[in-house]
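Working notes, beginning with the structure itself.
Ligands are counted one by one from 1 in listed order, and the atoms in each one are counted from 1 as well. FYI, side chains are in, hydrogens and waters are out, and symmetry mates aren't considered; it's all heavy atoms of this structure. Along the sequence shown, the residues carry numbers beginning at 1.
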Amino acid sequence: MFEKSTWIRLPRNVVIGHGVLDQTLAAVEELHLSGRPLVVSSPTPHAVAGERVVEQFAAAGYDPAEIVIEEASFDAVQRVIAHAEEVEAGFAIGVGGGKAIDITKMAADDLGLGFVSVPTAASHDGIVSGRGSVPEGDTRHSVAAEPPLAVVADTEILAEAPWRLTTAGCADIISNYTAVRDWELAHRLKNVPYSEYAGALSQMTAEMLVDSAGSIKKGLEESSWIVVKALVSSGVAMSIADSSRPASGAEHLFSHQLDRIAPDAALHGHQVGVGAIMTEYLHSGPKGRWRDVRDALGALGAPTTADDLGIDHETVIEALTTAHEIRDRYTILGDGMSEEAAIEAATVTGVV
Ligand SMILES: NC(=O)C1=CN([C@@H]2O[C@H](COP(=O)(O)OP(=O)(O)OC[C@H]3O[C@@H](n4cnc5c(N)ncnc54)[C@H](OP(=O)(O)O)[C@@H]3O)[C@@H](O)[C@H]2O)C=CC1
Ligand SMILES: O=C(CO)COP(=O)(O)O
Ligand SMILES: [Zn+2]
């Protein structure tokens, strides 16, 4: 008997372009959500877009509530849940970078509320995904969360954000190459479920971004357009897989470990990019394609070395040797790298 089934949750409205922040209300009204909107943001995104979203809904008679969170943590999720209950929110709008969007989608999931994603930076591919990523103690959870019903990505706002946020988004996409390799490996070695569609989409997204590198330049709004479309596509791959596997492998474990050892040293996307150079080396050896990964990152202006990240060499080696402990996700790191092997990988690839 045939017993397979799948349930793919994708956004209904994806609105991307110049000035589309002003269409947030229209994108939401199309969804037939009811009740009071709760606008969740972090400090800078609140100033650059959150206030405008609140004004838009207030002008339409919605009585919007708002909350500003400072960090990505389970405490912050709880604060948003408590506030949403207090103000009797009917749906949640996350305005910001990965931090604010993750917190909103996790709180919305807990409360059973609709979630709308309004990215203010093209810095990460959680814009569309139904996953939340939050550190806790020695580990980092990738948890199921409410996928967005709508995404409103205003390229004018994304283009005005600091350029390094856009190069971080590019690097988060380039890391899909190694993430998919790790996923395939885990499928072959550990029988981890693998989706050909999600794997192919994730890989194709990275290829298309690299092919467009010549058009991704500081000061060009079109760059934000190209990058955010790739971030959406990568998020869709995660939704198809119902896992962050298509976009998160050993290079992400390395970055999550850096977040623990050297908090706030560098952006998520930049860390996973540097991690991908080394994990590609581990997959394909000294003559393999790690140079292609490094060159693609370099062409887009993303960091390729520990010094570029502003992280000392010892910390990089420590993160590499302990990354496998972060969570139960089989990757090329297996049950861990020796210090000598980590130094070799980081040195040959020029990361340290
Ligand atoms: N769920 C998923 O599938 C995924 C989740 N992630 C998660 O997302 C996070 C990384 O996202 P990232 O966006 O790099 O991190 P943040 O949300 O911390 O944003 C990075 C910085 O950019 C600032 N910022 C955001 N928008 C603007 C703007 N328009 N102008 C000026 N500054 C701005 C933020 O300000 P402020 O400090 O005020 O917030 C913050 O200082 C990580 O926690 C990562 O784990 C990443 C990929 C996928
Ligand atoms: O960052 C992500 C995809 O780019 C998601 O990562 P995690 O599932 O490893 O938290
Ligand atoms: Zn990522």
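Taking backbone and side chain together, His252 holds an N, O or S atom under 2.8 Å from the Zn ion (ligand 3).
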When you check ligand 2 against the protein, what N or O pairs turn up below 3.5 Å? List the atom names and distances, or just say none.
| residue | atom | partner | partner atom | Å |
| --- | --- | --- | --- | --- |
| ligand 2 | 1 (O) | His252 | NE2 | 3.0 |
| ligand 2 | 1 (O) | His268 | NE2 | 3.0 |
| ligand 2 | 4 (O) | Asp125 | OD1 | 2.6 |
| ligand 2 | 4 (O) | Asp125 | OD2 | 3.3 |
| ligand 2 | 4 (O) | Asp172 | OD1 | 3.1 |
| ligand 2 | 4 (O) | Asp172 | OD2 | 3.3 |
| ligand 2 | 4 (O) | Ala247 | O | 3.4 |
| ligand 2 | 4 (O) | His252 | NE2 | 3.0 |
| ligand 2 | 8 (O) | Ser142 | OG | 3.1 |
| ligand 2 | 8 (O) | Ser244 | OG | 2.5 |
| ligand 2 | 9 (O) | Ser248 | OG | 2.6 |
| ligand 2 | 9 (O) | His256 | NE2 | 2.8 |
| ligand 2 | 9 (O) | Arg327 | NH1 | 2.9 |
| ligand 2 | 9 (O) | Arg327 | NH2 | 3.3 |
| ligand 2 | 10 (O) | Ser133 | OG | 2.6 |
| ligand 2 | 10 (O) | His256 | NE2 | 3.3 |
| ligand 2 | 10 (O) | Arg327 | NH2 | 3.3 |

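Here Lys217 does not pair with Glu222 in a salt bridge; the nearest charged N to carboxylate O distance is not below 4.0 Å. Using a 4.0 Å cut-off between a side-chain N of Lys or Arg and a carboxylate O of Asp or Glu, Arg181 and Glu251 do not qualify as a salt bridge.
Judged purely by atom type and a 3.5 angstrom limit, Ser123 has no side-chain atom pairing as donor or acceptor with the backbone of Leu165.
Residue Asp172 approaches the Zn ion (ligand 3) most closely through its N/O/S atom OD1. For His268, the N, O or S atom with the smallest separation from the Zn ion (ligand 3) is NE2.
Residue Ile277 holds its CD1 atom at 13.5 Å from CZ of Arg289, rounded to the nearest 0.5 Å.
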| request: Go through Val316 and Met278 one step at a time and tell me if the side-chain contact (heavy atoms from CB on, under 4.5 Å) criterion holds. | output: CA-CA 11 Å; Val316 164; Met278 296 186 286; 4.1 Å; yes
| task | Might you work through the side-chain contact (heavy atoms from CB on, under 4.5 Å) test for Ile101 and Lys105, ending with a clear yes or no? | result | CA-CA 6 Å; Ile101 287 179; Lys105 67 169 80 150; 3.9 Å; yes
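Counting only residues at least two apart or in different chains, ring pair (Phe, Tyr, Trp, His ring centres under 6.0 Å) contacts with residues 123-179 comprise Phe74-His141.
When Asp102, Asp125, Asp242 are each tested for a side chain to side chain contact (heavy atoms under 4.5 Å, CB included) with Arg131, only one passes: Asp242.
Residues passing the side-chain contact (heavy atoms from CB on, under 4.5 Å) test with Ala186 are Val192, Arg245, Tyr330, sequence neighbours excluded.
Ser234 and Asn176 share a side-chain donor-acceptor pair at under 3.5 Å.
When the shell of 6.0 Å around CD of Glu339 is examined, it contains 12 or fewer heavy atoms from other residues, nucleotides or ligands.
Ligand 1 lies under 4.0 Å from heavy atoms of Ser42, Pro43, Thr44, Pro45, Val48, Gly97, Gly98, Lys99, Asp102, Lys105, Thr120, Ala121, Ser123, His124, Asp125, Gly126, Ser129, Arg131, Gly132, Ser133, Arg140, Ala161, Pro162, Leu165, Asp172, Met238, Leu267, His268.
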